[in-house]
*Asks:* 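This structure is in structure tokens; I'll ask about it shortly.
Chain identifiers are assigned alphabetically (A, B, ...) following the order of the sequence lines, protein sequences preceding nucleic acid strands; residue numbering begins at 1 within each chain. Nothing here was measured: the structure is a model prediction, and the numbers come from that model. Below, all heavy atoms of this structure are taken into account, side chains as well, without hydrogens, waters or symmetry copies.
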There are 2 protein chains.
Amino acid sequence: MTEATRALRSDAERTVRQILEAAERVLSRNPAATMEQIAEEAGVARTTVHRRFASRDALVGAMAAWATRRFADAVEAAHPETAPPLVALYQVTANVLRVKLDWGFAMSRALTADPEAARVHAEVEEKCERVFRAAREAGLLRADADLGWARRVYYALIHEAAQSGDGDADALATRVVDTLLRGVGTAQGLTAPR
Amino acid sequence: MTEATRALRSDAERTVRQILEAAERVLSRNPAATMEQIAEEAGVARTTVHRRFASRDALVGAMAAWATRRFADAVEAAHPETAPPLVALYQVTANVLRVKLDWGFAMSRALTADPEAARVHAEVEEKCERVFRAAREAGLLRADADLGWARRVYYALIHEAAQSGDGDADALATRVVDTLLRGVGTAQGLTAPR
DNA sequence: TGGAGTTGCATCATTGATGTTGCATGTTCT
DNA sequence: AGAACATGCAACATCAATGATGCAACTCCA
């Protein structure tokens with residue numbers, strides 16, 4: 001590769017990045033936004049977007065792939081396999097929130113029919129599953145907890161925290177984990193544990 | 001009104017109902033579904049849908065209006081103003097779930113720029129707010145609970161329960177309220193209450 | 001300076017969804 | 001049977017988004 005092509009490719013990649021980020025901003029507000037609006041937000045012509053991404057699907061696919069990679073990295077950086085369950089839970093939450101705050105739309109579309117993305121997601125899901133199992137065995141979750149439901153609730157709480165958007169990732173993670181484990185009640189006046 | 005027109009109007013309303021229900025089924029699976037697909041599901045021609053609803057927006061608006069009415073009725077039937085907070089919470093949850101299981105898409109679109117729907121929703125939101133305040137004063141929620149966050153979590157749990165779809169509305173409501181108040185953890189190994 | 005590569009702009013073709021209309025065919029009640 | 005209305009069908013018009021292309025202008029580096 002010549003110096004020239006390297007520099008040019010760098011320019012091109014910068015443009016691609018700008019488009020991806022613009023698309024995230026626009027589509028997170030309006031998932032049905034047009035290519036024109038995305039191009040405008042990115043500060044480029046619509047034709048440029050089409051030169052970089054063969055189709056709308058290709059663009060969304062690239063966004064999903066990018067977000068999936070950052071997502072997987074965020075989970076891995078928390079060392080969910082080796083850290084104690086509570087620590088892992090907190091760190092994963094904070095790291096994932098950091099990604100989700102910036103790539104919410106892309107992550108919501110990351111479950112499309114892309115083989116690689118599906119593989120990565122399955123892998124992460126597996127890790128999440130293990131953390132929850134470990135948490136239950138460590139007595140962090142109730143012994144009779146439905147892990148499927150717990151995971152759904154966990155995802156939903158992360159989603160809500162990312163939407164509310166007030167506070168940094170660490171504060172939000174604290175709130176998410178606290179709510180997940182303790183709820184918002186005092187546990188008075190309730191039926192005895194099942 | 002003549003007998004004839006009454007009978008005909010009854011037929012027409014039956015068709016309208018079929019279209020609304022078909023639209024809910026189709027759009028809940030694919031929000032971008034075409035009028036053609038909706039008509040097919042309803043067992044009518046596409047032109048018939050257009051005769052009944054001037055535009056796609058009008059159709060979605062009618063779905064939202066219908067769901068909003070059922071939603072408001074469901075909340076009211078739980079007597080949230082007079083029942084004890086925990087009872088109110090449970091009854092409202094179960095009743096709303098019953099509606100949401102059938103009209104999930106329509107309810108998700110019920111916050112559009114329709115003046116009447118907006119008014120009804122604001123009213124319900126107000127009631128929800130009051131129930132949560134009463135719950136906190138009754139010691140059901142923690143004294144330092146963030147009511148805004150609690151309400152978001154509550155909505156999210158209802159949504160998840162409706163999506164998971166296993167079990168009847170009562171079982172799901174039990175799960176939702178239990179999770180909302182106690183979370184899924186044992187409260188061991190956590191930091192002391194703030 | 002010259003070449004390689006990229007972008008913006010204008011333009012066009014295609015496509016799929018939406019919405020409309022006329023007409024023949026039922027259906028229901030009187 | 002006849003009136004009133006609804007429906008299916010076919011055809012049409014419209015429209016917006018998508019995607020493609022040719023060309024001039026620009027940037028960057030050798």
Side-chain angles (χ1 to χ4, degrees), chain A residues 1-64 105-106 109 112-114, chain B residues 1-64 105-106 109 112-114:
Chain A
M1 186 196 307
T2 68
E3 288 296 321
T5 50
R6 193 183 305 158
L8 288 164
R9 203 179 118 185
S10 168
D11 273 8
E13 279 175 2
R14 201 173 308 131
T15 303
V16 166
R17 179 73 71 82
Q18 282 172 354
I19 293 172
L20 288 176
E21 290 174 356
E24 169 59 37
R25 284 194 297 274
V26 172
L27 293 176
S28 65
R29 260 177 281 146
N30 171 24
T34 68
M35 300 292 272
E36 178 71 46
Q37 293 171 278
I38 294 169
E40 189 186 2
E41 174 80 19
V44 300
R46 186 173 63 90
T47 44
T48 299
V49 178
H50 276 113
R51 282 201 191 90
R52 293 299 171 190
F53 302 95
S55 70
R56 184 194 182 84
D57 274 1
L59 170 58
V60 175
M63 293 172 67
F105 173 83
R109 297 296 164 113
T112 47
D114 180 54
Chain B
M1 187 196 305
T2 69
E3 288 296 321
T5 51
R6 194 183 304 157
L8 288 165
R9 205 178 117 186
S10 168
D11 271 9
E13 280 174 1
R14 199 173 309 132
T15 303
V16 166
R17 179 72 71 81
Q18 281 171 354
I19 293 172
L20 288 176
E21 290 173 356
E24 168 60 37
R25 283 194 297 274
V26 172
L27 293 177
S28 65
R29 259 177 280 148
N30 171 23
T34 68
M35 300 292 272
E36 178 71 46
Q37 293 171 277
I38 294 169
E40 188 186 1
E41 173 80 20
V44 300
R46 187 173 63 90
T47 45
T48 300
V49 178
H50 278 113
R51 284 199 191 92
R52 293 298 170 190
F53 303 96
S55 70
R56 185 195 181 83
D57 274 2
L59 170 59
V60 175
M63 292 171 69
F105 173 83
R109 296 297 163 112
T112 47
D114 180 55

*Asks:* From D:dA6, C:dA17, C:dG19, pick the nucleotide closest to the side chain of B:T34?
*Replies:*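 Nearest listed nucleotide: C:dA17.
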
*Asks:* Can you measure A:E36 atom CD to C:dA10 atom C1' for me and round it to whole angstrom units?
*Replies:*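 Distance check: A:E36 CD to C:dA10 C1' gives 13 Å.
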
*Asks:* In the structure I gave you, are the side-chain heavy atoms of B:E21 and B:R17 within less than 4.5 Å of one another anywhere?
*Replies:*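 Yes - at least one pair of side-chain heavy atoms lies under 4.5 Å apart.
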
*Asks:* Please confirm whether the shortest side-chain N or O distance from A:R46 to OP1 or OP2 of C:dT7 is below 4.0 Å.
*Replies:*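 No, A:R46 has no side-chain N/O under 4.0 Å of OP1/OP2 on C:dT7.
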
*Asks:* For A:I38 and D:dA16, what is the distance between atoms CD1 and C1' respectively, to the nearest whole Å?
*Replies:*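 After rounding, the gap between these two atoms is 15 Å.
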
*Asks:* Please state how far atom NE2 in B:H50 lies from atom C1' in D:dC9, giving the value in whole angstrom units.
*Replies:*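 That distance rounds to 15 Å.
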
*Asks:* So B:E41 and B:Q18, do their side chains get closer than 4.5 Å, heavy atoms only?
*Replies:*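 Contact flag for B:Q18/B:E41 side chains = no.
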
*Asks:* What I'd like to find out is whether the side chain of A:R109 reaches to under 4.5 Å of the side chain of A:M63, using heavy atoms alone.
*Replies:*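 They are not in contact (no side-chain heavy atoms under 4.5 Å apart), so the answer is no.
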
*Asks:* At under 4.0 Å, does any side-chain N or O of A:R51 touch on OP1 or OP2 of D:dA20?
*Replies:*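 False: A:R51 side-chain N/O out of range (4.0 Å or more) of D:dA20 OP1/OP2.
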
*Asks:* A side-chain contact here means heavy atoms from C-beta on lying under 4.5 Å apart; do B:L59 and B:M35 qualify?
*Replies:*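 A side-chain contact exists here, since the closest heavy-atom pair is under 4.5 Å.
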
*Asks:* Is the shortest side-chain heavy-atom distance between B:F53 and B:L20 below 4.5 Å?
*Replies:*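 Yes, close enough: below the 4.5 Å cut-off.
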
*Asks:* In whole Å, I'd like the distance from the CD atom of B:E40 to the P atom of C:dA17.
*Replies:*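 Taking atom P of C:dA17 as the reference, CD of B:E40 is at 13 Å.
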
*Asks:* Is A:R56 touching bases, backbone alone, or none of the nucleic acid, heavy atoms closer than 4.0 Å?
*Replies:*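 A:R56: backbone/sugar contact only, no base atoms under 4.0 Å.
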
*Asks:* Compare the minimum distances between each of D:dG19, C:dG8, C:dG19 and the side chain of A:T48, then state the nucleotide with the smallest one.
*Replies:*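 Of all the options, the side chain of A:T48 is nearest to C:dG8.
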
*Asks:* Could you check whether A:T47 gets within reach of a base, just the sugar-phosphate, or nothing at all, counting any heavy atom under 4.0 Å?
*Replies:*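 Contact class for A:T47: base.
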
*Asks:* Roughly, in whole Å, what's the span from CG in A:L59 to P in D:dA17?
*Replies:*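 Value for this atom pair: 16 Å.
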
*Asks:* What is the distance from CG of A:N30 to P of D:dA17, rounded to the nearest Å?
*Replies:*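 After rounding, the gap between these two atoms is 11 Å.
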
*Asks:* For the pair made of CZ in B:R52 and C1' in D:dG8, what is the distance, rounded to whole Å?
*Replies:*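 One finds 14 Å between C1' of D:dG8 and CZ of B:R52, rounded.
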
*Asks:* To the nearest Å, how far apart are B:R14 CZ and C:dT28 P?
*Replies:*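 Distance, rounded to whole Å: 9 Å.
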
